[in-house]
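As structure tokens, the structure follows; a few thoughts come after it.
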Amino acid sequence: MSKRVFLNLEQRIEILRQHENGKSARKLAALFYCGRTQINKIIKEKDLILKEYEDFKLRGVKRMKHERHVDINEAVLEWFKTVRAKQIPVSGPMIQHKAKELADVLGIENFSTSIGWLDRFRMRNNITF
């Protein structure tokens with residue numbers, strides 16, 4: 001059994017392009033040093049991969065982690081845009097506090113506004129301080 005190979009988003013897009021140009025799954029597997037099953041799965045999930053490619057900003061990431069609390073993140077982002085439109089400076093702890101408030105309002109338990117959550121939120125939404 002061979003070692004598992006994780007392909008990043010750009011590599012998966014390249015596999016889809018070459019597959020459209022007529023390369024077989026076997027040749028693509030040999031080219032990218034992975035299994036045919038993995039290639040076939042990429043081809044099968046073509047629409048999802050293309051959508052992720054259009055939406056995602058960090059293209060070198062090998063594993064896509066999907067957000068668990070999309071509604072909180074969207075609400076915090078809307079709040080952030082509203083506050084910044086009023087020229088009010090916003091800090092990391094302010095964002096964390098507002099996220100915790102919104103989680104309580106939405107009734108979501110066990111939501112942690114850690115530094116890691118804040119960093120990922122900032123990266124996803126291209127927020128700099």
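Along the sequence shown, the residues carry numbers beginning at 1. From a predicted model like this one, the values you see are computed outputs, not experimental measurements.
Each of Met123 and Ile115 belongs to its own hydrophobic cluster when Ile, Leu, Val, Met, Phe, Trp and Tyr are linked at side-chain heavy-atom distances under 4.5 angstrom. Follow the hydrophobic side-chain contacts under 4.5 Å out from Ile88 and you reach Leu102 in the same cluster.
Asn125 contributes no side-chain N or O that, together with a main-chain N or O of Ile127, makes up a donor-acceptor pair within less than 3.5 Å. Remark: side-chain polar atoms of Arg84 are not paired, donor with acceptor, to backbone N or O of Phe80 under 3.5 angstrom. Using a distance-only test at 3.5 Å, with no hydrogens or angles considered, no donor-acceptor pair links the side chain of Gln18 to the main chain of Leu28.
The CG atom of Leu48 lies 8.5 Å from the CZ atom of Arg12; values are rounded to the nearest 0.5 Å. Of the inter-residue distances, the one linking Asn73 atom CG with Trp117 atom CH2 reads 6.0 Å to the nearest 0.5 angstrom. Atom OG of residue Ser114 and atom CD of residue Gln96 lie 7.5 Å apart, to the nearest 0.5 angstrom. Here CD1 of Ile95 is found 6.0 Å from CZ of Phe121. Values are rounded to the nearest 0.5 Å. Between the CD1 atom of Ile15 and the CG atom of Leu7 there is a distance of 4.5 Å, given to the nearest 0.5 Å.
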Let me have the donor-acceptor pairs involving side chains of residues 39-46, under 3.5 Å, with sequence neighbours excluded, atom names and distances please.
| from | atom 1 | to | atom 2 | distance (Å) |
| --- | --- | --- | --- | --- |
| Asn40 | ND2 | Arg36 | O | 3.3 |
| Lys46 | NZ | Glu20 | OE2 | 2.7 |

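For Gly35 against Ala29, the heavy-atom pair with the smallest separation is C-CB, 3.8 Å. Taking every heavy atom of both residues into account, Ile72 and Ala103 meet most closely at CD1-CB, 3.6 Å. Here the shortest heavy-atom pairing between Val5 and Tyr33 reads CG2-O, 2.9 Å.
Counting only residues at least two apart or on different chains, no ring pair (Phe, Tyr, Trp, His ring centres under 6.0 Å) pair has a member in residues 82-104.
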Exercise. Please test Leu77 against Glu74 for side-chain contact (heavy atoms from CB on, under 4.5 Å), starting from the C-alpha separation and ending with a verdict.
Key: CA-CA 5 Å; Leu77 183 60; Glu74 289 175 355; 5.7 Å; no
Self-check item: Steps toward side-chain contact (heavy atoms from CB on, under 4.5 Å) verdict (Thr113, Leu118)
Solution: CA-CA 7 Å; Thr113 57; Leu118 179 63; over 6 Å; no
Quiz prompt | Verdict with reasoning, Thr82 to Trp79, per side-chain contact (heavy atoms from CB on, under 4.5 Å) | solution = CA-CA 5 Å; Thr82 303; Trp79 169 82; 5.7 Å; no
